[in-house]
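A quick write-up on the structure given underneath.
Start at 1 and go down the list; that is how both ligands and their atoms are numbered. These values consider heavy atoms only, across backbone and side chains, with no hydrogens, waters or symmetry-generated copies.
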Amino acid sequence: MKVLVINCGSSSLKFQLIDSVSEQCLAKGLCERIGIEGSMITYAPAGGEKEKKVTPMPDHTEAIRLVLEALTNPVTGVVKSLVEIGAVGHRVVHGGEKFAASVVIDDEVMAAVEECNDLAPLHNPANLIGINACRKLMPSTPMVGVFDTAFHQTMPEEAYLYGLPYEYYKKYKIRRYGFHGTSHSYVSKRAAEVLGKKYEDLKIIVCHLGNGASVSAVKNGKCVDTSMGLTPLEGLIMGTRSGDMDPAIIEFLAHKEGKNIDEIMNVLNKKSGVLGLSDNLSSDFRDLEDGYHKNNDNAVRTLKTFSYRVAKYIGAYAAAMNGVDVICFTAGVGENAPLVRTFVCEYLGYLGVKLDQEANGKRGEDIAITTSDSTTTVMVIPTNEELAIARETVRLVSQA
Ligand code: AMP
């Protein structure tokens, strides 16, 4: 079956067409500036030339129409007609407590996702718009929703509750949800597969380090804790997000800088993280690594602080699981920044971690980066959220 995977944001839309048998990506691309002047679609068939076209996209329905047109283009397309697309898998950011697994989308599911909008006001409405646009243009194609939060729904109460009045949990469902669940699930399963061990027998810590970053603890095949919370702001220091901090800083800063809550939240989401910590050097780890090699103080401080926070979470999750067998690095930074992996692993001597620097220098493969006598195995597992969504989509559509 050919599965169209859609990841829809408020003004952008990423897509991939995946053959579920070969698990190969047949074509992928991106629509940008939807609803804004200068909208543009990028389309790349596998093994073909990437094309970019500036064209009006007043709304998401037009963006999806253009995606379908590109996929069926007689010259550069990869399918003859839309009938060849057996299903569509949609990434949905927040499923709240309602969705502990992926679902086939119907009107009832749409209404339930809408009820989660409150919890992810920037993401969920955009996801719904994308789904609606697809349903309009492909009314007889089955659609599946795959939630970023679903994998973390197995967390026990002690991991997901905050030390706040319990009535806020009862009234507003304020609790830890966690994100990047599709990636944490894919990477932890893949690690077990590569090691030839049973997923259910392992204690795994996954460090998803990208522009957004989170760590999860996966014990016997189930997530037992994760670093992101009610929103993706909690936890690690990220590209531009602060991660954990004393909540009293919000009031302190508001008074000192004369800012309101919205302005402070904007600082915490967009101007903090490695960007802020590096005194605006960059949010991109390529620049930070480059700066580190040139002894730039801002880069050195930032990489050390970022890595320390990752190591602290690994320690916390090793404690939460009463041990750890495998630690995985994934996503843009986790897969491509050997320096960050080295810094993190320097803290892990107590887990018997012995890094193999040659393996740590490799890129783009599922690989153990510790020596054979390392007590805990550290791995790099490139994530593939689109493939994970496609697999989920096929699984659900085949059951329906
Ligand atoms: P993601 O959100 O997973 O796409 O990760 C994006 C981030 O990965 C970028 O902002 C970079 O900081 C980082 N990144 C990508 N490529 C490299 C690289 N070759 N070396 C270091 N960091 C990288």
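- The nearest protein atom to atom 14 (N) of ligand 1, hydrogens excluded, is given as Gly332 O, 3.6 Å; this is a heavy-atom distance.
- Distance remark: protein heavy atom not present below 4.0 angstrom from atom 4 (O) of ligand 1.
- The Val333 neighbourhood of ligand 1 comprises atoms 8 (O), 12 (O), 13 (C), with distances under 4.0 Å to a heavy atom of that residue.
- The option with the heavy atom closest to atom 6 (C) of ligand 1, from among Leu339, Val274, Asn211, Leu288, is Asn211.
- Which parts of ligand 1 touch Gly210 is read off a 4.0 Å heavy-atom cut-off, strictly below it: atoms 1 (P), 2 (O), 3 (O), 5 (O).
- Under 3.5 Å, the side chains of Asn360 and Arg341 contain a donor-acceptor pair of N or O atoms.
- A centroid separation of less than 6.0 Å is found between the aromatic rings of His94 and Phe179.
- Proximity annotation for atom 19 (N) of ligand 1: of Asp287, Val340, Asn336, Asn336 comes nearest, heavy atoms only.
- Scanning the protein heavy atoms around atom 9 (C) of ligand 1, the nearest turns out to be Arg286 NH2, 4.0 Å.
- Donor-acceptor pairing under 3.5 Å is recorded for the side chains of Ser282 and Asp287.
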Verdict with reasoning, Met110 to Ile131, per side-chain contact (heavy atoms from CB on, under 4.5 Å):
CA-CA 9 Å; Met110 291 298 278; Ile131 298 172; 3.6 Å; yes
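- Side-chain N/O atoms of His184 and Ser214 include a donor and acceptor closer than 3.5 Å.
- Summary of contacts: the protein heavy atom closest to atom 22 (N) of ligand 1 is Phe285 CB, 3.5 Å.
- Remark: the Tyr162 side chain and the Glu234 side chain contain an N/O donor-acceptor pair separated by less than 3.5 Å.
- When hydrogens are left out, the protein atom nearest atom 11 (C) of ligand 1 is Asp284 OD1, 3.3 Å; that is the closest non-hydrogen contact.
- Heavy atoms of Arg363 found under 4.0 angstrom from ligand 1 belong exclusively to the side chain.
- Under a cut-off of 6.0 angstrom, the local environment of CD in Glu37 is sparse, with at most 12 non-hydrogen atoms contributed by other residues, nucleotides or ligands.
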